[in-house]
Protein chains: 2
Amino acid sequence: MTTTTIPEVVVLRLPLYVRVLAALEGRGQGVVSSQELGTLLHATPAQIRKDLSYFGRFGKQGRGYQVSNLLKELRHIMGIDREWSVVLVGVGQLGSAILTYGGFAPQGFNILAAFDADPSKHGAAIGNVLVQDIAQIKSEAQRLGVHIGIVAVPVSHCQRVVDLLVDCGIRAILNYAPYQPTTPPGVWVRDIDPVVALQSMTYHLKTAEDQW
Amino acid sequence: MTTTTIPEVVVLRLPLYVRVLAALEGRGQGVVSSQELGTLLHATPAQIRKDLSYFGRFGKQGRGYQVSNLLKELRHIMGIDREWSVVLVGVGQLGSAILTYGGFAPQGFNILAAFDADPSKHGAAIGNVLVQDIAQIKSEAQRLGVHIGIVAVPVSHCQRVVDLLVDCGIRAILNYAPYQPTTPPGVWVRDIDPVVALQSMTYHLKTAEDQW
DNA sequence: AACAACGTGTGAAAGTAATCACGAGGGTCA
DNA sequence: TGACCCTCGTGATTACTTTCACACGTTGTT
């Protein structure tokens, strides 16, 4: 068995591949070339081919890739051909919005429970999810077999909550707090911070202005 | 004048530097070393020093960096020592949540107007912002001197809305739709897609499982 | 059956980014 | 003053990513 470690940049691109392949399948396209995928993904055809080659040989010379087959393969490789159990911590404005957001479930990410430290929120149901006492999280996470945690708490609580999730056996965390928590090896964190995204663009806006 | 082009990866890290420096200033710390910054940012001290060296010589040998000074410098370099005018397109569930989110204004990003194609939404005020007809966007954007656009529309409308924003003279776009729009050179886009973030983690979860 | 057009998979080359390692300066204290 | 410790800034090195370019298989055509 030839186990090459996949570069992380490639892993980060895989979901985008799946996204456009799903769109192509939805519109009934049967075959796609690396050239066309490259256009749709704003990447070079060579990069598409090299990325895919890390996982196998899915294409056919002279033809391209069979959309439905490649999509199936990639979904399996990424582990998104199954359901994942998710818990959310922090039911403030942001947390509530996440609970009512309809984009996770269709992709197999099921938010099964929500937790907050504020007793006044306990017992409420937001978007079909019951808000529970944060003290219950460990037993609930184990009972539900949770894989993924979403953190939507203030910066001041972020590290503590992340530690707690890790203690619950969770090894993948989607973090909405504007803070990079420290985690032990083997735990994956993705940060979502729109302000950071905006700030990295203002650098370019300013630089473009200064140009003249 | 020595104008080296700054690597984009460095630009993407600058906001994180500002974030931790602001935290250090808030807690009253006067001086910080690249070593300590590295710990807080999960980066090596060498990387911190090299990144900062693209913009100038802010440190003092034997001491480190003066927190307030470095913060001031970086804020200026990134263009976040001023206010930026923002418009939002798409006042659905997500768009409404963005309008009521309190995290943008304190960082100098002021959402001045919101637009939607649905007439039933026009005239509503959400989080102090008036929802207007999308047909008004060009005149309003010019009147308000808008710099940045936030896109919170369905995938099917994303490209059209982005084209419209570009036509309004906007050159920085924060895109919440799960689709990578095409833009002319000189226009900057940052995509925010929590599902993509989750999917890149399930790859690792699955791989860790398969290990044994 | 031969040929042309197409497009994959992949080593090699080129281009970027991260890290190393060290000279030089600053601070502290006896 | 001088010895010692600290930490920056940076050229050199190493590691990682992307792109190039071509052999080879597939499809369609005459």
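Chain letters run A, B, ... following the sequence lines, proteins first, then strands; residues in each count from 1.
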**Q.** B:T44 side chain near C:dT19 phosphate (N/O to OP1/OP2, under 4.0 Å)
**A.** yes
Q: Return the 5'-most residue of the pair A:Y54, B:L52 with respect to DNA chain D, ranking by each residue's nearest nucleotide.
A: B:L52
**Q.** Earlier contact from the 5' end, DNA chain D, for B:P45 and A:P7
**A.** B:P45
Q | Contact nearer the 5' end of DNA chain C, comparing A:R57 with A:G62 | A | A:G62
Q) Are OP1 or OP2 of C:dA24 and a side-chain N or O of B:Q61 less than 4.0 angstrom apart? A) no
**Q.** Residues, nucleotides or ligands: over 12 heavy atoms within 6.0 Å of A:H42 NE2
**A.** yes
Q: Look at B:D81 together with B:K72 and state whether they make a salt bridge at an N to O cut-off of under 4.0 Å.
A: no
**Q.** Spacing of B:K50 atom NZ relative to C:dC22 atom C1', expressed in whole Å
**A.** 13 Å
Q: Kindly say if B:R13 contacts the phosphate of C:dA18, meaning a side-chain N or O under 4.0 Å from OP1 or OP2.
A: yes
Q: Under 4.0 Å between any heavy atoms, over every strand shown, what does B:R63 touch: base, sugar-phosphate, or nothing? Just pick one.
A: sugar-phosphate
**Q.** Closest heavy-atom pair and its distance - A:L71, A:A22
**A.** CD2-CA, 3.8 Å
Q | Flag for B:E8-A:H204: side-chain donor and acceptor within less than 3.5 Å | A | yes
(Q) When you measure from the centre of the six-membered ring of A:W188, is the NZ or CZ of A:R190 closer than 6.0 Å and no more than 45° off the axis? (A) no
Q. Within the pair B:Y65 and D:dG9, is there a side-chain N or O less than 4.0 Å away from OP1 or OP2?
A. yes
Q.
Is B:K60 close enough to C:dG27 that one of its side-chain N or O atoms is under 4.0 Å from OP1 or OP2 there?
A. yes
Q: Taking atom CZ of A:R171 as the centre, report whether more than 12 heavy atoms of other residues, nucleotides or ligands fall under 6.0 Å from it.
A: no
Q: Enumerate the residues from residues 30-39 of chain B whose closest heavy atom to DNA chain C is under 4.0 Å, giving them by residue number; use none for an empty result.
A: none
